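First comes the structure, then the notes that go with it.
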Amino acid sequence: MNSPRRWPLHPRPGPVESLSSWLERTARTYNLSVKDLLTHNLGQLDVTAPEVVDWDPPAAILAALAERTGADLAQLRMMTLAGWVPWLMDTLHTRQWDAQETFDTYIRQNSVLFTPGEAGRNQVTVTGRERWRGPWRPARRLDRRCQVCAAGADPRRALMWQLPLTVGCVDHGCRLEDAREIAQAAVRDEKPQPVPVDEPLATLDRYTYEGLITGRVTLPGRTVHVGVWFRLLRSLLDEVSLALSTRSARARTTLERIWLAAGRSERGGLNVWRPYEQMDWPMQEAMLHAAAAALQLAADGRITARGTLGSALAPAPRRHVYDGDQPSPHVNAWQEAIAQAEAAIALARTDRDTARQLLALLTIGCRTRDRFEEECAYLFGIGIPAGFLPSARELGRADLA
Ligand SMILES: [Zn+2]
């Protein structure tokens with residue numbers, strides 16, 4: 001009989017857990033290997049399970065897993081990196097020929113500390129260097145674990161631990177360590193010795209986890225969509241990796257303050273520029289540390305973030321606002337307007353014309369190209385495909401400065 005049967009035991013997926021972690025926990029409850037679970041126990045599937053299931057597993061496997069376990073298909077997808085397109089990256093498959101354009105769009109089109117365009121241009125496709133495979137995809141595989149999680153009875157791993165996006169486990173507030181080192185220590189019967197993640201890195205990690213769990217990140221200046229947060233962080237990591245000598249005097253001072261606050265040598269000791277993804281982990285950690293220090297300095301008003309996304313980092317100057325003492329008679333009209341806007345946004349996610357109209361409406365008051373791009377980034381951040389959003393020129397906005 002081929003009709004799908006529900007597996008009797010299936011642990012609930014954790015909030016940021018990876019598919020491979022959840023499959024391992026499920027297989028363990030049956031004393032099976034993940035391979036056996038996926039080959040002999042998933043029905044008559046015509047597809048083979050890939051070696052790395054957390055990347056982009058075949059839809060048929062996810063559908064069969066949802067059927068066997070009663071887990072929500074959308075939730076299973078979010079346990080893979082493919083489920084994070086387009087929030088985390090525009091595409092999973094950056095090819096050689098569009099690597100430069102992807103880099104320039106994702107990383108250099110936005111700016112955080114520097115005025116737009118100040119980051120300059122760098123070639124990501126350099127002969128003799130590994131191929132750049134897109135934002136956040138490390139050239140060398142990261143297999144990191146939390147020591148405390150690993151020592152537990154039913155250990156889980158977060159999907160994002162595979163990417164150079166976080167330093168620690170937010171549940172236990174400790175640094176992630178190399179999986180092999182943890183395994184070797186276990187063989188030697190050593191007790192776990194978790195190293196706490198200190199400020200300012202702890203705040204940086206908290207922002208990222210907030211984004212992963214809620215889809216939004218509460219920054220000191222404003223709340224941004226997680227898609228905007230990933231781009232902001234990646235641009236910031238790029239800015240702190242740039243050579244001080246080639247910067248303007250103002251940018252140089254900003255970078256000096258950041259590296260001083262991080263207590264590390266300038267550029268974390270990086271001599272020759274390369275994309276963040278192609279650095280080794282200790283250097284990536286140095287860059288994350290500098291990015292975290294920059295966020296703190298900007299929040300405290302000790303540096304000014306002059307980039308297109310910079311205003312999100314610092315609280316807005318206090319303005320006196322009349323509190324009002326009467327309930328507004330317009331409240332229903334306002335609620336109605338909100339509901340209409342939400343409906344338009346939902347439609348724009350699948351309808352090109354609505355997306356175009358929405359962008360045109362939102363940018364009526366924009367005077368500069370940067371403001372226009374910011375609105376574009378906002379719409380993209382709330383789930384409207386980049387391909388649906390026309391450029392300023394395509395919208396006939398020749399007036400923008
Ligand atoms: Zn942990």
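Just so you know, ligand 1 is whichever comes first in the structure, and atom 1 is the first atom listed for that ligand. Basis for what follows: all heavy atoms, side chains included, without hydrogens, waters or symmetry-related copies. This structure is a prediction, so every number in the text was calculated from the model and none was measured.
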Verify whether one side chain among T203 and E199 offers a donor that lies under 3.5 Å from an acceptor in the other.
-> yes

Assess the side chains of Q100 and D104: does a donor N or O sit below 3.5 Å from an acceptor N or O?
-> yes

Sphere of radius 2.8 Å around the Zn ion (ligand 1) - protein N, O or S atoms inside = C146 SG, C149 SG, C169 SG, H172 ND1

Check whether more than 12 heavy atoms from other residues, nucleotides or ligands sit under 6.0 Å from atom CZ of R12, and answer yes or no.
-> no

Among R137, R234, R141, find the residue that satisfies the salt bridge (Lys or Arg N to Asp or Glu O under 4.0 Å) test when tested with E277.
-> R234

In terms of ring plane angle, is the pair W87 and H225 parallel, tilted or perpendicular, where the classes change at 30° and 60°?
-> tilted

Which heavy atom in L19 sits nearest to a heavy atom in V53, and how many Å separate them?
-> CD2-O, 3.8 Å

